[in-house]
Amino acid sequence: MAEKYAPAAYPVADAKRCAFIDWALDRFSGVMYADAAKTIYPVLGYVSAPEDQAAAGKTCTENLQEFAKVFLKEKFIGGDKPSIADYRVAPFFFCYAHPQLKEVSCVEVPNRIKQFNKDFAEACSASGLMSVAGGYALKEMLDAKAGSPADMLTVSGIQETVNAALDFVMEIADAFKDKVTAGSGKVEIHGAPGSMNCMGPILIAKHAGCGDMVQCIPGVDTQKPEFLAMNPFHAVPLLKDGDFCL
């Protein structure tokens, strides 16, 4: 999508920059995504908290510091403008800055990551979708989880958050039923605003003006025959550009 509609986000003529972007993507997916699963996901109620939350938070903090040291020497991973790697990490870094991540998951967000969040919000015209989406934006979902860390990490607290997550899936399915958000292009990103994995491609599609989001709730819409015809693996995000699906 970037090569076709937003070439500045992945400048193929600059081999060194693209290799650097690829390296950042690999580092995030290979190492740091596991941190999100142990820190952000428990707060949202997607999974149970790890046995040692303090240790998980410490590891996450250290990995964020190292990532910033290596990949954020410039304003963005892509240099002066966000690259596809910046769009990939932005929803996760946005969540890390929420007070719940420090309070519940023991994550101390480095100042460089905080600055990245400010710069990305200014550079990406669609960044507000991470804050406001009719109650289903990442910030709105994290705000809704505010409470006592001790209560949240009990068995009953964990069960409550899991039940809330299941309720959320059904609520958002109703709220966004058959909705395609207005976009100037033809690219469709099937996903949901409450998914950090979906938000990266949704943001770049909206910012580039090449397309927009088509609501698709994991576990609900991903089971439908029309979705499986595009992606048999039941997963989002899904990109559809004309007859091409990825």
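This one's a predicted model, so the numbers in the text were calculated from it and none came from an experiment. Just so it is clear, the values below take in all heavy atoms, side chains as well, and ignore hydrogens, waters and symmetry mates.
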Colleague: Is there a path from V104 to Y46 through hydrophobic residues (I, L, V, M, F, W, Y) whose side chains come within less than 4.5 Å of each other?
Modeller: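 Yes, because V104 and Y46 connect within a single hydrophobic cluster, where side-chain heavy atoms sit under 4.5 Å apart.
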Colleague: Y87 and V89: same hydrophobic cluster, using ILVMFWY side-chain contacts below 4.5 Å?
Modeller: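 Linked, Y87 and V89 end up in one cluster.
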Colleague: Could you pull out the closest heavy-atom pair between I189 and P237, with the gap in Å?
Modeller: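 Shortest heavy-atom contact: CG2-CB, 4.3 Å.
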Colleague: Are L142 and L101 packed together at the side-chain level, in the sense that at least one heavy-atom pair is separated by less than 4.5 angstrom?
Modeller: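 Yes, close enough: below the 4.5 Å cut-off.
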Colleague: So, the side chain of Q53 versus the backbone of C106: is there a donor-acceptor pair under 3.5 Å, distance only?
Modeller: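 It does not hold such a pair.
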Colleague: Do any side-chain atoms of residues 121-131 form donor-acceptor pairs under 3.5 angstrom with protein atoms, and if so which ones, sequence neighbours left out?
Modeller:
{"residue": "S125", "atom": "OG", "partner": "H207", "partner atom": "ND1", "Å": "2.8"}
{"residue": "S127", "atom": "OG", "partner": "A121", "partner atom": "O", "Å": "3.1"}
{"residue": "S127", "atom": "OG", "partner": "C124", "partner atom": "O", "Å": "3.1"}

Colleague: Short question: side chain of R88, backbone of S83 - any donor-acceptor pair under 3.5 Å?
Modeller: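 No: the side chain of R88 does not pair with the backbone of S83.
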Colleague: List the residues meeting side chain to side chain donor-acceptor pair (under 3.5 Å) with E66, not counting sequence neighbours, and say none if there are none.
Modeller: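 Here no residue qualifies.
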Colleague: Please check if the side chain of E74 supplies one atom and the backbone of G79 the other of a donor-acceptor pair under 3.5 Å.
Modeller: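 Not confirmed, E74 side chain does not pair with G79 backbone.
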Colleague: Ignoring hydrogens and geometry, is there a side-chain-to-backbone donor-acceptor pair from T222 to G219 under 3.5 Å?
Modeller: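 Pair found, side chain donor or acceptor close to backbone of G219.
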Colleague: Quick check against the 3.5 Å criterion: does R112 have a side-chain atom that pairs as donor or acceptor with the backbone of L72?
Modeller: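 Yes; at least one donor-acceptor contact below 3.5 Å.
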Colleague: Is there a side-chain contact between I21 and P11 (heavy atoms, below 4.5 Å)?
Modeller: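 A side-chain contact under 4.5 Å exists here.
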Colleague: For F67 together with F116, are the ring centres under 6.0 Å from each other?
Modeller: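 Ring centroids of F116 and F67 are no less than 6.0 Å from each other.
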Colleague: Can you measure from CE (M213) to CD (E188) and round to the nearest 0.5 angstrom?
Modeller: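 Answer rounded to 0.5 Å: 11.5 Å.
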Colleague: CD/E103 to NE2/H98 distance, rounded to the nearest 0.5 angstrom?
Modeller: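 With rounding to 0.5 Å, CD (E103) is 10.0 Å from NE2 (H98).
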Colleague: Hey, any chance V132 and I202 share a hydrophobic cluster, counting ILVMFWY side chains that come within less than 4.5 Å of each other, even indirectly?
Modeller: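 No, V132 and I202 fall in different hydrophobic clusters.
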Colleague: Any sub-3.5 Å donor-acceptor pair from K240's side-chain atoms to G242's backbone N or O?
Modeller: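 Checking the backbone N and O of G242 against the side chain of K240, a donor-acceptor pair under 3.5 Å is found.
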Colleague: If you group Ile, Leu, Val, Met, Phe, Trp and Tyr by side-chain heavy-atom gaps below 4.5 Å, do L228 and F244 land in one group?
Modeller: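 No; F244 is not reachable from L228 via cluster members.
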Colleague: If a pair satisfies ring-ring contact (aromatic ring centres under 6.0 Å, His included) and one of its residues is in residues 7-30, list it, with sequence neighbours excluded.
Modeller: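 Sorted pair list: F20-F71, W23-F71, F28-F92.
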Colleague: Examine L238 and I84 and state if one hydrophobic cluster contains both, with Ile, Leu, Val, Met, Phe, Trp and Tyr joined whenever side-chain heavy atoms are less than 4.5 Å apart.
Modeller: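 No: no chain of side-chain contacts under 4.5 Å links L238 to I84.
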Colleague: Could you state the interatomic distance from OG1 (T61) to NZ (K102), rounded to the nearest 0.5 Å?
Modeller: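 Going from OG1 on T61 over to NZ on K102, the span is 10.0 Å.
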Colleague: Could you give the distance from SG (C60) to CE (M32), rounded to the nearest 0.5 Å?
Modeller: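 With rounding to 0.5 Å, SG (C60) is 6.5 Å from CE (M32).
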Colleague: In this structure, are over 12 heavy atoms from other groups packed under 6.0 Å from E51 atom CD?
Modeller: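 12 or below, so no.
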Colleague: Less than 3.5 Å apart, which donor and acceptor atoms pair up between the side chains of residues 33-43 and the rest of the protein, not counting sequence neighbours?
Modeller:
{"residue": "Y33", "atom": "OH", "partner": "Y41", "partner atom": "OH", "Å": "2.6"}
{"residue": "Y33", "atom": "OH", "partner": "N197", "partner atom": "ND2", "Å": "3.0"}
{"residue": "D35", "atom": "OD2", "partner": "N63", "partner atom": "ND2", "Å": "2.8"}
{"residue": "T39", "atom": "OG1", "partner": "D35", "partner atom": "O", "Å": "2.7"}

Colleague: Can D212 and K206 be said to form a salt bridge (charged side-chain N to carboxylate O under 4.0 Å, His left out), step by step?
Modeller: CA-CA 5 Å; D212 216 320; K206 288 175 68 66; 3.2 Å; yes
Colleague: Apply side chain to side chain donor-acceptor pair (under 3.5 Å) to Q223 and list each qualifying residue two or more places apart in sequence or on a separate chain.
Modeller: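 Q223 satisfies side chain to side chain donor-acceptor pair (under 3.5 Å) with H234 once adjacent residues are dropped.
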Colleague: Of all heavy-atom pairs between C198 and V236, which one has the smallest distance, and what is that distance?
Modeller: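 Heavy atoms of C198 and V236 come nearest at SG-CG2, 3.7 Å.
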Colleague: Identify the two heavy atoms, one from M199 and one from P91, that lie closest to each other, and give their separation to 0.1 Å.
Modeller: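 Shortest heavy-atom separation between M199 and P91 comes out as CB-CG, 3.5 Å.
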Colleague: As an exercise, state the distance from NZ of K75 to CD of Q115, rounded to the nearest 0.5 Å.
Modeller: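 Output value for this atom pair is 8.5 Å.
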Colleague: Any side-chain to backbone donor/acceptor pair from N117 onto F93? Under 3.5 Å, distance only.
Modeller: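 Yes, because the side chain of N117 sits within donor-acceptor range (under 3.5 Å) of the backbone of F93.
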Colleague: Please give me the minimum heavy-atom distance between L138 and P193, naming the atom from each residue.
Modeller: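 The answer is CG-O, 3.9 Å.
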Colleague: So how far is it from M230 CE to L246 CG, rounded to the nearest 0.5 Å?
Modeller: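 If we round to the nearest 0.5 Å, M230:CE and L246:CG are 12.0 Å apart.
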Colleague: Counting N and O atoms only, with roles assigned by atom type, does the side chain of D221 sit under 3.5 Å from a partner on the main chain of F227, one being a donor and the other an acceptor?
Modeller: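 Side chain of D221 to backbone of F227: no pair is present.
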Colleague: Do M1 and D241 come within less than 4.5 Å of each other through their side chains, counting heavy atoms only?
Modeller: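 Sidechains of D241 and M1: no contact.
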Colleague: Under the ring pair (Phe, Tyr, Trp, His ring centres under 6.0 Å) rule, collect the residues that match up with Y96, sequence neighbours excluded.
Modeller: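 So Y96 forms no ring pair (Phe, Tyr, Trp, His ring centres under 6.0 Å) with any residue.
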Colleague: Given 3.5 Å as the limit, does a donor-acceptor pair link the side chain of D26 with the main chain of D22, or not?
Modeller: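 It does not hold such a pair.
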